[in-house]
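Here the structure is laid out as structure tokens; the discussion comes afterwards.
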Amino acid sequence: MSLLVSTRPSLSFRSNVYLLLRPTTTTTNFPLSSASPTPKPPPLLPTPRVHILHRAPYTSPCTPRAASAAAAHTILHDAGAAGAVLAGAYALVSAFDFLTQRNLIQQSLSRKLVHILSGLFFMASWPIFSTTTEARYFACLVPLVNFLRLVIHGLSLASDEGLIKSVTREGKPEELLRGPLYYVLILILCALIFWRESPVGLISLAMMCGGDGIADIIGRRFGSLKIPYNQQKSWAGSISMFIFGFLISIGMLQYYSVLGYLHLDWVQTVQKVALVSLVATVVESLPTTEVVDDNISVPLVSMAVAFSMFGY
Ligand SMILES: C/C(=C\COP(=O)(O)O)CCC[C@H](C)CCC[C@H](C)CCCC(C)C
Ligand SMILES: Nc1ccn([C@@H]2O[C@H](COP(=O)(O)OP(=O)(O)O)[C@@H](O)[C@H]2O)c(=O)n1
């Protein structure tokens, strides 16, 4: 494993920093044909032996044969990435099932930690997919498989006690058809529509996964002072949602900026994210959970506010 910083002048330092971990024929290879009409610029670095985090797209001219070989390689790469992330999803749920089954953590805490970590890890995994436009469809296979898993077990067509124990409140299979199902649908929506090039999806998922998840954990423990208009929610829960939703959103935006996907005016971005977090926190605090699940209202409102400010 090695960390290489290429000094290619056309790209900023940030976008040249990437972790190199696996064999590849990258799209940044120079024209393969010796008859190439354009002179080959001298490679500034030895061809990368490995890389895993893909930065924003950079393509170079190549021959049709090389293009089809690169296309096949990219499909294999994205399929492998989807498989790895799916395995991670199973491992995460199984890990919390293990902890819950042995009474090492409460079921309510298990569910919330799965709520927080699943979406954040899913979002953080997007850069391991290729830089092609189809990459997002491969990434969406992961929440899609989990959607089907939740439907199958939620309808009791099959039994998965571990899944039920680690993601439901009362251990009833039909619970899988509400919060968890809406949750994975929002993951699909954000990956498909916004993906890595827009802050909107990243912020929305940070609010749904990080903000809403933390509100439950903090609110259950320290939420003695209830919100006047909703005795089920507390100031401690809502304030923690605002703070952690904001911090996790900024953290995700910074992560994608370092990888070269986003170029943000950080003074304006901090203000915009703070407003999204405030609005999402107010929406989450409303006594509307029986009417619309928080896993729908929080991300959709965050999406609308963020889109109105970032515009893409
Ligand atoms: C419990 C969940 C949502 C509902 O929460 P609540 O508001 O009703 O308390 C989360 C359900 C998660 C789902 C079963 C698994 C989703 C996995 C995700 C698509 C991919 C994660 C990959 C990563 C590498 C772990
Ligand atoms: N803003 C909030 C959110 C949750 N909570 C606490 O967390 C518990 C579960 O919150 P929730 O209804 O959002 O939980 P889920 O619907 O996400 O399972 C609430 O009953 C409160 O005890 C809070 O005190 N303040």
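We count ligands from 1, going down the list as the structure has it; atoms in each ligand are counted the same way.
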What is the closest protein heavy atom to [atom], and at what distance does it sit?
{"atom": "atom 12 (O) of ligand 2", "answer": "Lys233 CE, 3.8 Å"}
{"atom": "atom 19 (C) of ligand 2", "answer": "Gln232 O, 3.5 Å"}
{"atom": "atom 18 (O) of ligand 2", "answer": "Arg111 NH2, 2.4 Å"}
{"atom": "atom 5 (N) of ligand 2", "answer": "Ala215 O, 3.7 Å"}

Inset, instruction - Measure across Ser302 and Ser204 and return the closest heavy-atom pair with its distance rounded to 0.1 Å. - result: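 Looking at all heavy atoms of both residues, the closest pair is C-OG, 3.7 Å.
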Legend entry - Contact summary for Gln107 and Lys165, nearest pair of heavy atoms: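 What the structure gives for the nearest pair is CG-O, 3.0 Å.
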Legend entry - Within-shell test, Arg169 vs ligand 2, heavy atom, strictly < 4.0 Å: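 Arg169 counts as a contact of ligand 2 under the 4.0 Å cut-off.
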Inset, instruction - Would you please determine whether Ser238 falls within less than 4.0 Å of ligand 2 on a heavy-atom basis? - result: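 Flag set, Ser238 near ligand 2.
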Inset, instruction - Show which atoms of ligand 2 fall inside a sub-4.0 Å distance from at least one heavy-atom site of Glu284. - result: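 Every atom of ligand 2 under 4.0 Å from some heavy atom of Glu284: 1 (N), 2 (C), 3 (C), 13 (O).
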Ignoring hydrogens and geometry, is there a side-chain-to-backbone donor-acceptor pair from [X] to [Y] under 3.5 Å?
{"X": "His115", "Y": "Ile214", "result": "no"}
{"X": "Ser308", "Y": "Val305", "result": "yes"}
{"X": "Arg169", "Y": "Ser108", "result": "no"}

Legend entry - Pick from His115, Arg178, Lys112, Lys226: the one approaching atom 17 (O) of ligand 2 most closely through a non-hydrogen atom: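 Nearest option to atom 17 (O) of ligand 2, by heavy atoms: Lys112.
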Inset, instruction - Give the single entry among Gly223, Ser234, Gly179 that approaches atom 24 (O) of ligand 2 most closely by any heavy atom. - result: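 Answer by nearest heavy atom: Ser234.
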Inset, instruction - Over 60° means perpendicular and under 30° means parallel, so classify the ring planes of Phe246 and Phe242, tilted if in between. - result: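 The arrangement is parallel - the two ring planes meet at less than 30°.
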Inset, instruction - Would you check if there is a donor-acceptor pair between the side chains of Tyr229 and Ser285 at a distance under 3.5 Å? - result: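 The answer is yes; a qualifying pair exists.
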Legend entry - Flag for Ser166-Ser110: side-chain donor and acceptor within less than 3.5 Å: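 Looking only at side-chain atoms, Ser166 and Ser110 do not form any donor-acceptor pair under 3.5 Å.
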Inset, instruction - Kindly confirm or rule out an N or O of Asp216 lying under 3.5 angstrom from an N or O of ligand 2. - result: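 Such a contact does occur with ligand 2.
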Inset, instruction - Say whether Asp294, considering both its backbone and side-chain N or O atoms, lies within less than 3.5 Å of an N or O atom on ligand 2. - result: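 Looking only at distances, the answer is yes, because the N/O contact criterion of under 3.5 Å is met.
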Inset, instruction - For the pair Leu189 and Phe194, evaluate side-chain contact (heavy atoms from CB on, under 4.5 Å) and give the outcome as yes or no after the intermediate values. - result: CA-CA 8 Å; Leu189 184 72; Phe194 300 106; 5.8 Å; no
Legend entry - Approximate separation, where rounding is to 0.5 Å, of Ile152 CD1 and Arg149 CZ: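 Atom-to-atom, Ile152:CD1 and Arg149:CZ are 10.0 Å apart.
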Could you go through ligand 1 and list every pair where one of its N or O atoms sits under 3.5 Å from a protein N or O, giving the atom names and the distance to one decimal?
| unit_1 | atom_1 | unit_2 | atom_2 | d |
| --- | --- | --- | --- | --- |
| ligand 1 | 5 (O) | His115 | ND1 | 2.9 |
| ligand 1 | 7 (O) | Lys112 | NZ | 3.2 |
| ligand 1 | 7 (O) | His115 | ND1 | 3.3 |
| ligand 1 | 7 (O) | Asn295 | ND2 | 3.0 |
| ligand 1 | 9 (O) | Arg111 | NE | 2.6 |
| ligand 1 | 9 (O) | Arg111 | NH2 | 3.3 |
| ligand 1 | 9 (O) | Lys112 | NZ | 3.0 |

Inset, instruction - Report yes or no: is the cationic atom of Arg111 (NZ for Lys, CZ for Arg) closer than 6.0 Å to the six-membered ring centre of Phe96, at no more than 45° off its axis? - result: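 Ring-cation test returns no.
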